[in-house]
Amino acid sequence: MGFNLQNLEAALQEAGRKHTYLPFSLHFFESVSSTNQTLWDLLNQGAISGTAVIATVQSAGRGQWGRQWISPVGGLYVSVAICFDHKIEATDSYQLTFATAWGIASQLRQLGIDVGIKWPNDLVLNGRKLGGILTETKVNKGQITQAVIGVGINWTNPVPETGINLESWQASQNFRPISCLEMLTSKVLLGIESGMECLEQEGVKVLLSRYLDLLTNMGDRVYVNNLSGTVVGVTSQGNLRVDLETHDTKELITPEIYIEPGTISLGYHKSSV
């Protein structure tokens, strides 16, 4: 059965939003190279903030750090445009990813789906990857003017050993809070909206504390340059905070270091992905 835009619009209306921070303008495609790229094309043609592109399949989906995002039928692939009137520094683009991750995880947790966040941009369920986020930005004079936030969520599509799809999880739980792909899409869109609203209205400190509440990596042991350390948090620039244990001749010193996204893989079930 194909994707039904009317069902999605109905689900968004049923959410009873008091005010619409993002006036969603929905565009559905059976197949695109990538939802992010299609949305950038629409923005170049004059599309506004809140424009969303949804696709059944991506032929050239993009992941973090130039990786390919495998996008088989059965997954949710959606991108949302955000245009900024207020100033966001180009170096703070990870705040948009954090806002999205927290917002989507919160929407799903409200339904009883125990989604967590794996630094920096993955959504996890039962220790396995449920979805990922790719934020791309347009910058002018060091400020972000536009952003496209791409989200992929495993719904009924096949997944690798380190992944999980939502339908198989629901089947194992004997309850089905998400009834269809359109409902899942509405929760993702509302999650992006609530995350952006939190960032703009309550600020990065509040957002970061909420993000950290759902971070599954807190307390993880990591190894950096053959030194052992413990994950203790994340900075607002998106860097992982790690307490390293270094042995001095006289005492044990624990300096805190910051690790940029993409320079270390925290992996799933002791395997790197």
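Quick caveat, the model's predicted, so the values are computed rather than measured.
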- Message: What verdict does the side chain to side chain contact (heavy atoms under 4.5 Å, CB included) test give for Met196 and Ile149, after you've listed the backbone C-alpha separation in whole Å, the side-chain angles of each residue and the deciding distance to 0.1 Å?
- Response: CA-CA 11 Å; Met196 292 302 145; Ile149 296 171; 3.1 Å; yes
- Note on the structure: So CD1 of Ile164 and CG of Asn154: to nearest 0.5 Å the spacing works out to 9.0 Å
- Just how far is it from atom NZ of Lys187 to atom CD of Gln107, taken to the nearest 0.5 Å? 5.5 Å
- Taking all heavy atoms of Ser33 and all of Ser59, pick out the closest pair and write down the distance. CA-OG, 3.2 Å
- Any side-chain heavy atom of Tyr258 within less than 4.5 Å of one from Gln237? no
- Query: Would you say the side chains of Glu200 and Tyr21 form a donor-acceptor pair under 3.5 Å?
  - Reply: yes
- Message: Under 3.5 Å, is there a donor on one side chain and an acceptor on the other for Gln58 and Ser34?
- Response: no
- Value for CG (Leu184) from CD1 (Ile178), rounded to nearest 0.5 Å, stands at 5.5 Å
- Quick one: does Leu8's side chain get under 4.5 Å of Ile54's, heavy atoms only? yes
- What distance do Leu76 atom CG and Phe3 atom CZ have between them, rounded to the nearest 0.5 Å? 7.0 Å
- OG1 on Thr216 to CG on Asp220, rounded to 0.5 Å: 6.5 Å
- Are Val159 and Ile153 connected, step by step, through hydrophobic side chains (Ile, Leu, Val, Met, Phe, Trp, Tyr) whose heavy atoms are closer than 4.5 Å? no
- Of all heavy-atom pairs between Pro261 and Gly238, which one has the smallest distance, and what is that distance? CG-O, 3.3 Å
- Of all heavy-atom pairs linking Val206 and Cys198, the shortest is CG1-SG, 4.2 Å
- Query: Taking atom types as modelled, is there a side-chain donor on Asp243 or Thr230 under 3.5 Å from an acceptor on the other?
  - Reply: no
- Note on the structure: Thr235 meets the side-chain hydrogen bond (donor to acceptor under 3.5 Å, both in side chains) criterion, sequence neighbours left out, with none
- Message: Which heavy atom of Phe98 sits nearest to which heavy atom of Pro120, and what is that distance?
- Response: CE1-O, 3.8 Å
- Message: Any non-hydrogen side-chain atom of Thr162 less than 4.5 Å from a side-chain atom of Lys129?
- Response: no
- So among Thr51, Thr185, Leu189, which one has a side-chain contact (heavy atoms from CB on, under 4.5 Å) with Leu26? Leu189
- Would you mind reporting whether Ile82 and Leu96 have side-chain heavy atoms less than 4.5 Å apart? no
- Message: A side-chain contact here means heavy atoms from C-beta on lying under 4.5 Å apart; do Val204 and Asp92 qualify?
- Response: no
- Message: Could you go through Arg109 and Leu214, starting from their C-alpha distance and side-chain angles, then the distance that decides it, and tell me whether this counts as side chain to side chain contact (heavy atoms under 4.5 Å, CB included)?
- Response: CA-CA 10 Å; Arg109 289 172 75 91; Leu214 302 184; 3.4 Å; yes
- Message: Could you report the tightest heavy-atom contact between Gly75 and Leu181, atom names first, then the distance?
- Response: O-CD2, 4.3 Å
- Should Val32 and Gln37 count as side-chain neighbours, where that means a heavy-atom distance under 4.5 Å? no
- Message: Counting C-beta onward and ignoring hydrogens, is there a side-chain heavy-atom pair between Glu30 and Val57 closer than 4.5 Å?
- Response: no
- Between atom OG of Ser186 and atom CZ of Phe24, what is the distance when rounded to the nearest 0.5 Å? 9.5 Å
- Task: Treating Ile, Leu, Val, Met, Phe, Trp and Tyr as nodes and any side-chain heavy-atom pair under 4.5 angstrom as an edge, say whether Val224 and Val231 lie in one connected cluster.
- Result: yes
- ILVMFWY network linking Ile257 to Trp119, side-chain heavy atoms under 4.5 angstrom: yes
- Message: Run Thr100 and Val80 through side chain to side chain contact (heavy atoms under 4.5 Å, CB included) and show every step you take.
- Response: CA-CA 10 Å; Thr100 300; Val80 176; over 6 Å; no
- Quick one: do Asn239 and Ile259 satisfy side chain to side chain contact (heavy atoms under 4.5 Å, CB included)? Show the steps, please. CA-CA 5 Å; Asn239 297 334; Ile259 300 172; 5.9 Å; no
- Message: For residues 172-181, which residue pairs pass the side chain to side chain donor-acceptor pair (under 3.5 Å) check, not counting sequence neighbours?
- Response: Glu167-Arg176
- May I ask you to decide if the ring planes of Phe175 and Trp169 are parallel, tilted or perpendicular, using 30° and 60° as cut-offs? perpendicular
- Message: Does atom CG (Asn44) have a neighbourhood of more than 12 heavy atoms from anything else shown, all under 6.0 Å?
- Response: yes
- Query: Can a donor-acceptor pair be found between the side chains of Thr97 and Thr135 at a distance below 3.5 Å?
  - Reply: yes
- Whether over 12 other heavy atoms sit under 6.0 Å from Gln6 CD: no
- Query: Is there a donor-acceptor pair under 3.5 Å between the side chain of Glu193 and the backbone N or O of Leu22?
  - Reply: yes
- Quick one: do Met183 and Leu5 end up in the same hydrophobic cluster if we chain Ile, Leu, Val, Met, Phe, Trp and Tyr together by side-chain heavy atoms under 4.5 Å apart? yes
- Query: Taking C-beta and beyond as the side chain, do Ile144 and Ser93 meet within less than 4.5 Å on heavy atoms?
  - Reply: yes
- Tell me yes or no: between the side chains of Asp41 and Gln45, is some donor less than 3.5 Å from an acceptor? no
- For Ala147 and Phe84, the nearest pair of non-hydrogen atoms, with its separation, is CB-CE1, 3.8 Å
- Query: Does one hydrophobic cluster hold both Val232 and Leu244, with members joined at side-chain heavy-atom distances below 4.5 Å?
  - Reply: no
